[in-house]
Every structure is written in C-alpha cells, then in structure tokens.
**Student:** 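One structure, pasted below without further comment.
As the structure is a prediction and not an experimental result, all values here were calculated from the model. Counting starts at 1 for both ligands and their atoms, following the listed order. No hydrogens, no waters, no symmetry mates; every other heavy atom, side chains included, goes into these values.
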Amino acid sequence: MPDILDLARTQVLEHGVGLDEAQALECLRLPDERVDELLDLAHEVRTTWCGDEVEVEGIVSLKTGGCPEDCHFCSQSGVFDSPVRSAWLDIPSLVKAAQETAGTGATEFCIVAAVRGPDERLMTQVREGVKAIRDVVEINVACSLGMLTQQQVDELASIGVHRYNHNLETAKSYFGDVVTTHSYEERWHTCEMVRKAGMELCCGGIIGMGETIEQRAEFAAQLASLAPDEVPLNFLNPRPGTPFGDREPMSAIDALRTVATFRLVMPRTILRFAGGREITLGDLAERGVRGGVNAVIVGNYLTTLGRPADEDLAMLADLKMPIKALAKNL
Ligand code: SF4
C-alpha cells in the first residue's frame, strides 16, 4: 500500500481531490513524528487550492445564554448550571461591534444568537441589525441563529446575509452523546436549505468531545459531503457546569493532526480556527496557520476570551500571510 502522505500528495495536492473517510483515518493515525510532514503538506494544499490569503472574521453575540437546547459542551444552554446568563445586545452596540471588526481588516462579521431557532423577536432584531450595519459599514454580514424554517432562510437571503453558520458539531454516530434535544438530521436540513437559497454555508463542529479517532474521520467525510464554503473547527474548551465540564482538553499535537487532516479532506474550503484553540494550541496556533488553516477569528469569542485582535493580526504579519480583502462586488 502506498504511504498515505505520498498518496495525498498526488490525489489532493496535484488533483484537488479530497481524502475519503478511510484515508482521513490513516492520517489521523500517523505517529507524532510525522505530524510536521502532514502539516507541511496541508499547508501546500491550502496555498495551492485556496491561495495565500487568510480570511479574518469577527463575531458578536446578539443574544447570549438561556438556550433551551442541551448541547453538552455549551455554556449558553439554559438547561445546565453554567454561569452564562441570558442577555441581548441592542442595535447601536451591534453596529459599533461591526465597525470595530471592519477596522481590524476583517471581511466577515457574524451575528450569533444562542437559540434553538429564531422567533419573531429575534428575526426583527436581525432584520433591523443587518440593515443598520449594511447602511454604514462595508463588511459581509453572516448569521448564526440556529435551525431555520424555509421562510426564515428565504428572508435572511433576501436581506443580504452573505453566509450562514450552522454546525453539525460532531460525527453523526456520536451526535446522540452530545445533544438530545434535536437531531443531526434537523441540523443537516437547515444546512441544505441555506445552500439552496444561495447563501454561503459555514458548517463545522467541535473536536475533542470524547469522540473516537474513527468518528473524527467520519465527521470530516460527512462535512465534505455537505461541501460547506467554510468549516470552523473548535476544540473543546471544557466549561464549568456543562456535562463536558470535566473533560480533558485535547493535546496540541492531536489538534494539529486533526486540522491538517480536515484540510486534506476538504482542499478548497475556508478552514477556520474557532473557539478553544488558546487552551489547546497555545503558541502552536501559528503552526496551525501553516498547517492548513486559512481563516481566523479576531477578538472575543462568544462566552470566553480569545486572544486580542492585534495579536492575531501580528501573527499573520509575522507569517507574511496577506489578509483577504473585501470583494468589491458586494
Ligand atoms: S450550541 Fe447552540 S443550540 Fe446548542 S445549547 Fe449552545 S446555543 Fe443552544
């Protein structure tokens, strides 16, 4: 059998065909001493199929905490005894956050709400918020508002929402261990509707929640079959009070191996580091950006602090990685 990295060099780097589930599993099983080689190949794949640019994104929480769902990793669930309390952001604060995000050079600004799906109050806030931002700030507006109806999908597309985030969270075979209040199929359905409506789809999940290596490969293949424009990869940051609060954060080397493997499965996607990387990767975040990642979030995450925006931007400058500019055909 050919070595998996030799095979990936031909199949993925030269031909742009992503690894399948069995091939991904082989990469995830590579010994620690070959992880550098894996990361270097993932970086070559990324620059070949996506270019040098890194997409910078900002994120703001429009409605925080008090969600009725029971995703076991999430401190915004109202079902667990975690310290995040329910709160809403007003429209002027939303616009200010969009302005500050645009000021960092970011091209995407994502409005997030901790809900099962939007009710009329939230849709009204989003409608007004998106308009207020688009009136004064040059930035793509993205939303992450949970599961949608077809009518809500159509409305978000019609008001100019550029990208919609809805994560599958984990492999289908592990989903029932992570969430019991809704199904994997319900999540999948929202993702498909978003894509059909012409919005870009952002769909990823969280690694290190107790899934097996096989389930990581399964998850990568399931994401690839959905073909999202962007894949945010989070690493579990165990939050006090949640059912996964006492799990161990995954090791940096496992996180890097996973990121590089996901890049080889999805050569053309925007692959983003999302939450949890500070505790998992520490100073190795740089290695990830030279190991397949081509998008970063600046500033604060939803409920935990990320690194300050200027640190991330300085890291990209150090690595001589250009920041993607806003397309002028907005
Ligand atoms: S992940 Fe989303 S749907 Fe699940 S509990 Fe958290 S906010 Fe609610």
**Student:** Run the salt-bridge test on Arg29 and Glu214 with the 4.0 Å N-O cut-off and return the result as yes or no.
**Tutor:**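 Yes, this pair counts.
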**Student:** Under 4.0 Å from any heavy atom of Cys67, which atoms of ligand 1 are there?
**Tutor:** 3 (S), 5 (S), 7 (S), 8 (Fe)
**Student:** Is there a donor-acceptor contact under 3.5 Å linking the side chains of Glu186 and Thr190?
**Tutor:** no
**Student:** Between Asp254 and Arg257, does any side-chain N to carboxylate O distance fall below 4.0 Å?
**Tutor:**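 Yes, charged N to carboxylate O under 4.0 Å.
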**Student:** List ligand 1 atoms under 4.0 Å from Phe73, heavy atoms only on the residue side.
**Tutor:**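 By the 4.0 Å cutoff, the relevant atoms are 1 (S).
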**Student:** Just jot down the ligand 1 atoms closer than 4.0 angstrom to any heavy atom of Cys74, in number order.
**Tutor:**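 Matching atoms, with element in brackets: 1 (S), 5 (S), 6 (Fe), 7 (S).
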**Student:** Give the atoms of ligand 1, by number and element, whose distance to some non-hydrogen atom of Ala114 is under 4.0 Å.
**Tutor:** 7 (S)
**Student:** For the residue pair Pro238 and Pro249, establish whether any side-chain heavy-atom pair is separated by less than 4.5 Å.
**Tutor:** yes
**Student:** Do the side chains of Phe235 and Val259 get nearer than 4.5 Å, heavy atoms only?
**Tutor:**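 Touching, per the 4.5 Å side-chain cut-off.
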**Student:** In ligand 1, which numbered atoms sit nearer than 4.0 Å to a non-hydrogen atom of Cys71?
**Tutor:** 1 (S), 3 (S), 4 (Fe), 5 (S)
**Student:** Hey, is atom 2 (Fe) of ligand 1 touched by any protein heavy atom at less than 4.0 Å?
**Tutor:**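 For atom 2 (Fe) of ligand 1 the answer is no, since every protein heavy atom stays at 4.0 Å or beyond.
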